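The structure under discussion appears below in the form of structure tokens.
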Amino acid sequence: MFSMELNPVQKEAVEKTDGPIMILAGAGSGKTRTLVSRISYLLKEKDVPPYRLLALTFSNKAAREMRERVASLVNLDINSLAITTFHSFCVRVLRSEITYLGLSKNFTIYDEAESRAVIKSVLTRRGINLKEISPYEVLYFIENLKNLGHYVDRSPPYNYEVEEDHEFYSFYLEYEAELFKANALDFGGLICGVIQLFEKFPEVKKHFQERYHYVLVDEYQDTNRAQFELIKILAEKRKNICVVGDEDQSIYSWRGADIHNILDFEKVFPEVQILKLEQNYRSSKNIIEAATHVISQNTLRKGKKMWTDNPQGDSILMVDCLDDKKEASFVASELLDLYKKGTLLSDMAVFYRTNSQSRIIEDHLRANKIPYKIIGGTKFYDRKEVKDMLAYMRLVVNDKDSLALSRIINVPARGIGATSLRKLEEEAVKGSVSLWEIICAIVENSEKYSFLKISAKIKSSLREMATIISEIKVLDQEKESPVTLYEKLLHDTGYFDFLKAQKDYESLARIENLEELSSAIKQYEQSNPNPSLLGFLETITLDNSKEEEKTQGEVSLMTVHGAKGLEFPFVFLVGAEENLFPSYKSMEGGSKALEEERRLFYVAMTRAMKKLYITFARGRMLFGQIKFNGPSRFVDEIPSNFFLLHKVGHEESAFQMEEDDYFSQESPYETDKVFQLGKRSLCKFESGSKVRHSLYGEGKVLESSGTGDEEKVLIMFSGGVRKKFMASMAPIVRI
DNA sequence: CACCGTTAAGTTTTT
DNA sequence: CTTAACGGTG
């Protein structure tokens, strides 16, 4: 029954169950179907008990989808199946075993913002100005270590270099000590923690190695070194490891994903069988062939040759727009047109490189009354008021979490300002106890701490707060429902009244958000057999995706990153311009970064099933000024026989258009800026154009902004020298 | 200690 | 154009 819907290679991928196997699955090649079939094959045909299987994915979305599809194929309780994300798997391991590492089972998980806050406090404590050393850089350094699988005192040999004499390494050590004291782990620490557990305690390792007979990894191209180490250990004994990935879709290297995990898989598992799924079932020939041309410019590849039996299909429509507004209005009117011809709105999607591009598109969709939804970009749990309440909850669950406590110690205002907090923190450090413990000590025995010179008013504030938290801690231990605990916290701490007292519009919105948080907790309670505050907090840190509303009939808007794994009959890829896509940052990063941008472009193209639109704007409002970047280089990499060029907002080609003609047309815009623009001449040095400077010699324009006398250009000269000039003043000429 | 004005900088973001 | 973060003032 499995072979019926599978092609020969897919069938092989399903039935070669034993020994290491790497499946290189191109976009739209039926990857998920193959994986799901493989799992049900193992369960049904090979009689593998469900608990012997471990399938690891990256996103909760992918895990959910796979679980549902397996469940529909196999008549089994899916809860006994470990189809889960790397991080959730590690949390599960650690919740039962972490005492080996000296933490307790109620450990907190810090997200990136919290990690950054810890780093800031480490730096500040050392008297380092945050301008001298950016916390972001330190965070990046630490994350990198963790992406490699490093942990403090890991004993060699490990296959990476650690600069222990690096200035930042001492920050890392201190950061780790802080987290340890707070009984907390960050995202990377979850993975590294399990590696550490396995390496230091062979009996634990043995237990898990014997538990899982078959290990599967989805989206393998996005694994980092640490995750690879982890699966290597898990599969060491039986070597029944199956990884599925596509090196051409590796788009998270900036986050530690290591393409060498794919390129070097055979070195670690020499007996590996490599299968390539090259037939695409998703897109038209035109789209596949055009995308193939683009991706073939990359050098870091295993090399797959995608092909399809699908019809040739429509040409790609390349849309050359005068500016970003024209681009947005084109997209809106085309969507409307397609809709009128009977296309479902849910079959259409708009992709952009950066989130900031969504706004102008949204404006035009709203103006045309086109329903849309934005995928990703969830910032709900980033809101101040939500984070405050979460901090209260974290404190209840884990009172060692001094970061959470210091966040809310004066919210709402209790008269405990920075000075008092610093005193408390210093005292906590001195006695090497947590902030919470020192506060409890002061409340219980204030005479002993009279030398701290804490006013009676502050002491009574502390007492009041400590009492409330303690009460709720007891209720939590008595397994009171999370939503009850939340409501009690919200009101007893005075947070609700504090917001209520402010009558401004913003506070009203905040109260609404807190109500939404309450319903999120209720939702969690309903979908969990044993709900707890700890469980809720874990769920939202590891899975911040909002509940998918099942509303049909909306156009989807998302970043290209967000589009991975999805497909749509009609796709609009907007903003295909130099400096935007590829992003200006990637152009500094050399060919590696550029190749990743190309993969990203490739991912975007291969989402489209029937028709792909690629649009670019000649002028675009960026950072408050109009920039003129040329079309993306990736556009040039698509051979012209695959697309039709369509121009919007300017009748003739802007490439050769006379400057006067350019603005003599009836301008549909009312804004002053464009009017002013029209009075001056167009920029003379588009990005990409070659110039000669009387001093520096030949160079290439990287960036051009402003027009006429205001035109500024950034030029890269040979030898990598970059200079910025006023175009009208600098001795430069076009060549 | 809270508020306001100035300044600087500005990707992508599965967990 | 935005937003976040800092420094100064009341």
Side-chain angles (χ1 to χ4, degrees), chain A residues 56-65 84-91 109-113 115-116 120 129-131 134-136 140 143 146-147 185-191 218-224 226-227 249-257 324 351-360 375-379 381-382 384 410-411 413-422 458 538-545 558-566 575 579-589 593 596-597 599-601 603-604 620-627 671 673:
Chain A
L56 295 170
T57 65
F58 269 83
S59 63
N60 293 287
K61 196 171 76 183
R64 266 193 295 270
E65 189 191 342
T84 181
T85 65
F86 271 97
H87 291 84
S88 301
F89 170 72
C90 289
V91 171
I109 303 164
Y110 278 1
D111 67 15
E112 238 168 61
S115 298
R116 205 166 55 235
K120 271 189 190 172
N129 188 316
L130 298 182
K131 273 182 186 158
S134 147
Y136 286 92
Y140 181 73
E143 278 182 349
K146 300 198 173 195
N147 287 337
L185 288 170
D186 57 16
F187 287 136
L190 295 173
I191 313 282
D218 190 17
E219 303 285 9
Y220 180 65
Q221 76 278 0
D222 291 330
T223 47
N224 60 33
Q227 287 156 335
Q249 292 188 64
S250 166
I251 54 175
Y252 283 100
S253 74
W254 48 275
R255 201 134 195 187
D324 46 355
F351 302 159
Y352 33 80
R353 178 67 237 274
T354 66
N355 278 314
S356 60
Q357 288 167 258
S358 78
R359 226 177 65 178
I360 189 163
I375 311 269
T378 321
K379 284 192 194 134
Y381 293 109
D382 281 346
K384 187 187 175 300
N410 202 32
V411 188
R414 298 185 173 93
I416 309 166
T419 319
S420 314
L421 179 59
R422 207 180 50 238
I458 290 179
E538 182 179 306
T539 309
I540 58 162
T541 5
L542 292 183
D543 181 5
N544 61 6
S545 68
M558 66 195 86
T559 64
V560 182
H561 282 90
K564 201 184 74 171
L566 304 176
N579 291 322
L580 188 61
F581 200 174
S583 78
Y584 72 98
K585 266 274 168 51
S586 71
M587 326 249 285
E588 300 167 0
E596 176 142 326
E597 293 284 314
R599 289 193 292 271
L600 199 53
F601 201 88
V603 167
R620 175 180 299 274
M621 196 62 147
L622 271 175
F623 304 144
Q625 46 185 340
I626 298 173
K627 301 234 173 179
T671 62
K673 277 196 183 93

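As a basis for the values below, the full set of heavy atoms in this structure was taken, side chains included, without hydrogen atoms, waters or symmetry mates. Labels below follow one simple rule: chain letters A, B, ... track the order of the sequence lines, proteins then strands, and each chain is numbered from 1. The shown structure was predicted, so the numbers you read here are calculated from the model rather than taken from an experiment.
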Just call it for Thr419(A): base, sugar-phosphate, or nothing, with non-hydrogen atoms closer than 4.0 Å on any strand. sugar-phosphate
Per Lys564(A) side chain, nearest of listed nucleotides dA5(C), dT14(B), dA2(B): dT14(B)
Does any N or O in the side chain of Asp186(A) come within less than 3.5 Å of the main-chain N or O of Gly189(A), such that one atom is a donor and the other an acceptor? yes
State plainly whether the residues Arg116(A) and Asp111(A) are in salt-bridge range, i.e. N to O under 4.0 Å. no
Determine, stepwise, if the pair Arg359(A) / Asp324(A) fulfils salt bridge (Lys or Arg N to Asp or Glu O under 4.0 Å). CA-CA 11 Å; Arg359(A) 226 177 65 178; Asp324(A) 46 355; over 6 Å; no
Side chain Glu597(A), main chain Ser583(A), donor-acceptor under 3.5 Å: yes
Answer with base, sugar-phosphate or nothing: what part of the nucleic acid does Leu56(A) contact at a heavy-atom distance below 4.0 Å? nothing
Please write out each protein N/O paired with an N/O of nucleotides 8-12 of chain B under 3.5 Å, distance rounded to 0.1 Å.
residue: dT12(B); atom: OP1; partner: Asn355(A); partner atom: N; Å: 3.1
residue: dT12(B); atom: O4'; partner: Arg353(A); partner atom: NH2; Å: 3.1
residue: dT12(B); atom: O2; partner: Arg353(A); partner atom: NH2; Å: 2.4

Between dA5(C) and dT12(B), how far apart are the P atoms? Round to whole Å, please. 16 Å
Flag the pair Phe58(A) / His87(A) as yes when their ring centroid distance falls below 6.0 Å, and as no otherwise. no
Quick one: label Asp222(A) by what it contacts on the DNA or RNA (base, sugar-phosphate, nothing), any heavy atom closer than 4.0 Å. base
What's Gly415(A) touching, base or sugar-phosphate or nothing? Going by heavy atoms closer than 4.0 Å. sugar-phosphate
By nearest nucleotide on DNA chain B, pick out whichever of Ile416(A) and His87(A) is the more 5' one. Ile416(A)
Quick one: do Lys61(A) and Asp543(A) make a salt bridge, cutoff under 4.0 Å? no
For the pair made of CD1 in Ile375(A) and C1' in dT14(B), what is the distance, rounded to whole Å? 14 Å
Less than 4.0 angstrom between a side-chain N/O of Asn410(A) and OP1 or OP2 of dA2(B), yes or no? yes
Does Arg359(A) place a side-chain N or O at less than 4.0 Å from the phosphate oxygens OP1/OP2 of dC1(C)? no
